[in-house]
2 protein chains.
Amino acid sequence: MRDVARLAGVSVATVSFVVNDSKPVSPATRLRVESAMVELDFRRNAVARALASRRTRIIALLFPVLQHRLSDNAARFFTGAAEAAAELGYTVVLWPEPSDPDALREFTSDGLIDGVILMEVRLDDHRVDRLLAAGTPLTLIGRTRDPSGLDYVDVDFEGMVELSIDRLQALGHREFALLEEVERADLDGYGPVIRVQETFHAVCAARGLRARTLQCTPDPAGGREIAATLQEEAPEVTAVLVLNDRAALGFVSELGRRGVSVPDDLSVVLVASTREVSEAADPALAVTLLPAAQLGRMGVETLVGRLDGTLGELRHELVMGAFLEGASLAPPPD
Amino acid sequence: MRDVARLAGVSVATVSFVVNDSKPVSPATRLRVESAMVELDFRRNAVARALASRRTRIIALLFPVLQHRLSDNAARFFTGAAEAAAELGYTVVLWPEPSDPDALREFTSDGLIDGVILMEVRLDDHRVDRLLAAGTPLTLIGRTRDPSGLDYVDVDFEGMVELSIDRLQALGHREFALLEEVERADLDGYGPVIRVQETFHAVCAARGLRARTLQCTPDPAGGREIAATLQEEAPEVTAVLVLNDRAALGFVSELGRRGVSVPDDLSVVLVASTREVSEAADPALAVTLLPAAQLGRMGVETLVGRLDGTLGELRHELVMGAFLEGASLAPPPD
DNA sequence: TTGTAAGCGTTATCAT
DNA sequence: ATGATAACGCTTACAA
């Protein structure tokens, strides 16, 4: 920058003004500076800028150690976030969750990041308290029990469930079941499971539909077990919503093996998953897609908006994914 | 740091020496400095340090826009990389691949990163040239056609294929097929596909086993098509290696639907995938796991070793994943 | 072993 | 509209 200033015959301050467009500069000098920059192939140093401006324009993605997932939604989320950040002149760093929540201080306290995006937020999330206490700007993916003071973006699980029920009800179904994960210690207070369950029962009740919950372990074996006992345990059910994709694949696979036809005997909707998982089932499952990339993008846009001061009020937004029809929907059997 | 120095009654330089352990400091002053740091809850500012030392300790993960994958290996890779980086005092940032390879210059030229890890390296990879030209320290995940001058870590596809054939041969199989993706423009020059194919044929030839290649689209439908025509096209085959996990699920699903028993009629091994995908099939497939997290970890360790100068010679390493038995292996039918 | 002081490459304040 | 210059918080010769 010093070199640019010298070549253009101005001071470094002036160069800074044109680079950042932070003060009015006469067209003539601006031109001189710009051509000097081109000539010297000038790139402003991000580190020096960060030190002087006290803003690194780096944001962190705090994500939990990965559970054994089938779909690659985490990667899609990262991609969406990183792309949005790049467009906004920011950079995204990855923070795998420390086992000790207090260790978050180590992360936040060295001045490298301007703010944090918190993934997989629990209803009662200690990380939120820690980060707020540290004064770290924060955007949530998901919500705490009372997220009123925080920016958040969350999946519209309620909308997904209602839409799924809409489709099934339109086909004539009246006997519903929700296949969900058994309560697990590590999912305690995990919003999606709770919200899906509540919504499922509420919507069914409001519409006079019969609803029951089936619990299984979150893996194919769990889904298989339910399929094996379904006709004895819940012979009236004609429509099933499944919240776990691994369980869903085991479930439909075992149904097929037992001669229960999807969709002729039973209609199935997979909630919050991907096209790839849906297609891995036979038949391909109707699915409400988890908009992972969009979620990542919106999370970044929200946090950056807050950091740049371009976001006025709090942002509380729910997003739904598309509904793919698949081949697992049909009217109920007589 | 100034405050710490004042409280400890030393100069900032001395504080710096104890913080970085960069010069001998007498035990007495070291103690005074350390207690002053504790007292003031001192954290060294990463940005100032980076500016002064001309090293940010940030490395970038350059990854391709995500293909439609079933498994979450990309996320595992990220996690492994980020964890290793944290342990080494580094930070990992995400760079989704720019559509224009020349745009890489924009990334590298602002001084924010010390080096990059390149994922999904092609045999002829323009990104490598661009980054080398820019003088960016580089570690490859995968290898170019001639990687002799570069550090790399790659999956030992050759070993995986050979191990899989070992197992099948020990069971008595002599008629093999490799189910792989059709050539696609976007996979042109993609090492794994090529190396697996070459190894497969080479190993079979060396052992006097019959080998043939079946090509399909990289999705469940592709696998289904092959399954549908297998008995006509290749009735002699008793053992199949599958390189694409989406195709693998379609393949075994369609076999089951057609009354071809896995493993009684046909043994199947899934190459380079995850336990979760394996279990999504019925029966669970024998699988050589893709060691994604380890790959990420090793990539970071390699690059950091190079940056810190602790790595002497070039590192060229191949890693294999574990072999999970599954329930898809049996002796060939009579 | 410890201190002094010159950077590192910007931004931002205050003059002019 | 532009320039001088003091931060920003640390590292690192070089001196003592």
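To find a chain, count down the sequence lines: A is the first, B the second, and so on, and within it residues start at 1.
- Position along DNA chain C of the nearest nucleotide to Arg30(B) versus Lys23(A) favours Arg30(B) as the more 5'-ward residue.
- Asp114(A) and Thr56(A) share a side-chain donor-acceptor pair at under 3.5 Å.
- Under the 3.5 Å distance criterion, with hydrogens and angles disregarded, no donor-acceptor pair is assigned to the side chains of Thr144(B) and Asp125(B).
- Residue Ser26(A) places no side-chain N or O under 4.0 Å from the OP1 or OP2 atom of dA1(D).
- Taking the side chain of Thr14(A) as heavy atoms from C-beta on, and the options dT4(C), dT2(C), dG3(D), the nearest nucleotide is dG3(D).
- Listed pair Ser16(B) / dT11(D) meets the phosphate criterion, a side-chain N or O lying under 4.0 Å from OP1 or OP2.
- Rounded to a whole Å, the CZ atom of Phe17(A) is 12 Å from the C1' atom of dT10(C).
- The residue among Ser22(A) and Arg2(A) whose nearest nucleotide of DNA chain C is located toward the 5' end is Arg2(A).
- Here Glu39(B) does not pair with Arg32(B) in a salt bridge; the nearest charged N to carboxylate O distance is not below 4.0 Å.
- Put simply, the side chain of His316(B) never gets that close to the backbone of Asp154(B): no donor and acceptor are under 3.5 Å apart.
- Between Ala5(B) and Ser11(B), the shortest heavy-atom distance links the atoms CB-C, 3.7 Å.
- Taking the six-membered ring for Trp, Phe63(A) and Phe78(B) have ring centres at least 6.0 Å apart.
- Using a cutoff of 4.0 Å between basic side-chain nitrogens and carboxylate oxygens, Asp21(B) and Arg30(B) are scored as salt-bridged.
- Two end axes, each from the C1' atoms of five base pairs, can be drawn for the helix from dT1(C)-dA16(D) to dT16(C)-dA1(D); they diverge by 30°, to 10 degrees.
- Sorted by residue number, the members of residues 35-58 of chain B with any non-hydrogen atom under 4.0 Å from DNA chain C read Leu51(B), Ala52(B), Arg54(B).
- Residue Val19(A) is out of contact with every strand shown, counting any heavy-atom pair closer than 4.0 Å.
- A donor-acceptor contact closer than 3.5 angstrom links the side chains of Asp146(B) and Ser148(B).
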